[in-house]
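Structure, as structure tokens:
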Number of protein chains: 2
Amino acid sequence: MSIAIPYAPAAGFNVTSLTERRLLHETVIDQLRDLIVQGELAPETKLNERVLAERLGTSRTPLREAIKFLASEGLVELLPHRGAVVAPLKPEKMKEVFVVLGALEALAGDLACRNATDADIAEIRALHYHMLAHHARGELAQYFRYNQQIHIKLMECAGNATLAQVYRGLNAHVKRARYLANLSRERWDKAVKEHADILDALVRRDGARLQVLLRDHLANKLVLVMEALAAQRGEVAR
Amino acid sequence: MSIAIPYAPAAGFNVTSLTERRLLHETVIDQLRDLIVQGELAPETKLNERVLAERLGTSRTPLREAIKFLASEGLVELLPHRGAVVAPLKPEKMKEVFVVLGALEALAGDLACRNATDADIAEIRALHYHMLAHHARGELAQYFRYNQQIHIKLMECAGNATLAQVYRGLNAHVKRARYLANLSRERWDKAVKEHADILDALVRRDGARLQVLLRDHLANKLVLVMEALAAQRGEVAR
DNA sequence: TGGGGCTATTTTGCATACAAAAAATGTTTG
DNA sequence: CAAACATTTTTTGTATGCAAAATAGCCCCA
């Protein structure tokens, strides 16, 4: 992930404006990653190079480079002489990812309690209230958006770019599962309550407590994802 | 990193034998990674595509794909329109990596205490004694070898492939610094002693204790690396 | 009907060709 | 002599071409 360019507009703006220092294969990386994370390219979808290249308006060469990059991130799997497929969403893999994410978020929480400025915490509080607002209105997509932003901001507060990078990579996997989770109101309320506790611990800069909360929060999220995956499998089998 | 093929002979065997399902760009990935980790391609070395491709006996296309893959691992950095360089060994980056590695190893230790079979632990004990033997003889390279194997085996015992994969990626960075660490006998003895404690905690399956030990062990290792980096910088500045 | 083996088509993997950007070189001028 | 400019050379980025592998289609036959 160590491209010099920070983070850029995801999809197909065609502004040949100022900052056209972006390379084709980099935009392709972002486009392809988005297609996968957003679920437009479902897990286990075969990536036909000719078709995809055409769709993304490029040739196969930059596309193949992008695929290799994402293979290293683990979002696609390479099958020798048979191309690449979007990485499958296996329950077993999800469990593994969540365990690692748990450790990473716990670490981030601990670090954030020490390193975050008051302004940082104020920002997280603001994001938290945005999230609450969307929760109140039942706007799931917006809720997720701010939810993610809170976690990412927490990562930033930890002040460890490497940690943030590893987190982002693993989180990309998890985000794919989000679109199939059918959150019950009860579960949703519980998640929001957990977030309140998380914010509280951060404000009190209680690193030990925050670690526990974040780990539990992730464990609960894992349960949701597993249920969703099970339900989906049930549908498929039906 | 999600290539179907597990782990393969690192460097240039030219056996066109049974398992010649390996693709060129995959062997190139491994070769290039080795060159970087072994320090043959020093940090900040510019990767000239034509020269490197020739050296590795391939064309630029698979090489570029390999570079993209390793860029995602963070071993090389991409500079738009200016190619790629071996990722620099910045002290700040090292600190970050060690902190994350600490959390990952701690997690692995905890999991290993629960999941390791007695045979696993026996194997680690065996590796430990090999390591002691090489320490006694002052054989640093061999010592490192078994040291690494112990840590990797511990990762395996955790039974979380995702964890192991992330660990491997970050560990590759650290390994690069190993070659410039000039271990004093005193420091070396201390590290060995720490390993004895680690083994002990594992045998007793004391996860909490093992976590602490592993974190401390890594923290000490970081100190060594930082000193080595500082010394190196001093030399360069001289 | 359905399965095995052959051929044709598609797709991947790698090499090469070409265009654009950057670096190196040389030249001029103050 | 140095600095700025222009020109050449090198290097990167992308597209295309070609060979090998995999897939699909087809025919034949039990």
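Residue numbering restarts at 1 for every chain, and letters A, B, ... go by the order of the sequence lines.
Summarising the geometry, atom CG belonging to B/Leu52 is positioned 10.0 Å from atom NZ belonging to B/Lys46; distances are rounded to the nearest 0.5 Å. Atom CZ of B/Arg145 is separated from atom CE of B/Met131 by 13.5 Å, given to the nearest 0.5 angstrom.
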(request) Summarise how protein sits on nucleotides 6-16 of chain C as a single string, 5' to 3': B when a protein heavy atom is under 4.0 Å from the base, S for sugar-phosphate-only contact, - for no contact. (result) -----SBBSBB
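The pair B/Lys90-B/Glu44 does not meet the salt-bridge criterion, since no charged nitrogen lies less than 4.0 angstrom from a carboxylate oxygen.
In this structure, the side chain of B/Ser72 does not engage the main chain of B/Phe69 through any donor-acceptor pair within 3.5 Å.
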Contacts under 3.5 angstrom, residues 92-104 of chain B side chains, donor-acceptor by atom type, not counting sequence neighbours:
{"unit_1": "B/Lys93", "atom_1": "NZ", "unit_2": "A/Thr162", "atom_2": "OG1", "d": "3.2"}
{"unit_1": "B/Glu96", "atom_1": "OE1", "unit_2": "A/Ala161", "atom_2": "N", "d": "3.3"}
{"unit_1": "B/Glu96", "atom_1": "OE1", "unit_2": "A/Thr162", "atom_2": "N", "d": "2.8"}
{"unit_1": "B/Glu96", "atom_1": "OE1", "unit_2": "A/Thr162", "atom_2": "OG1", "d": "2.6"}
{"unit_1": "B/Glu96", "atom_1": "OE2", "unit_2": "A/Ala161", "atom_2": "N", "d": "3.3"}

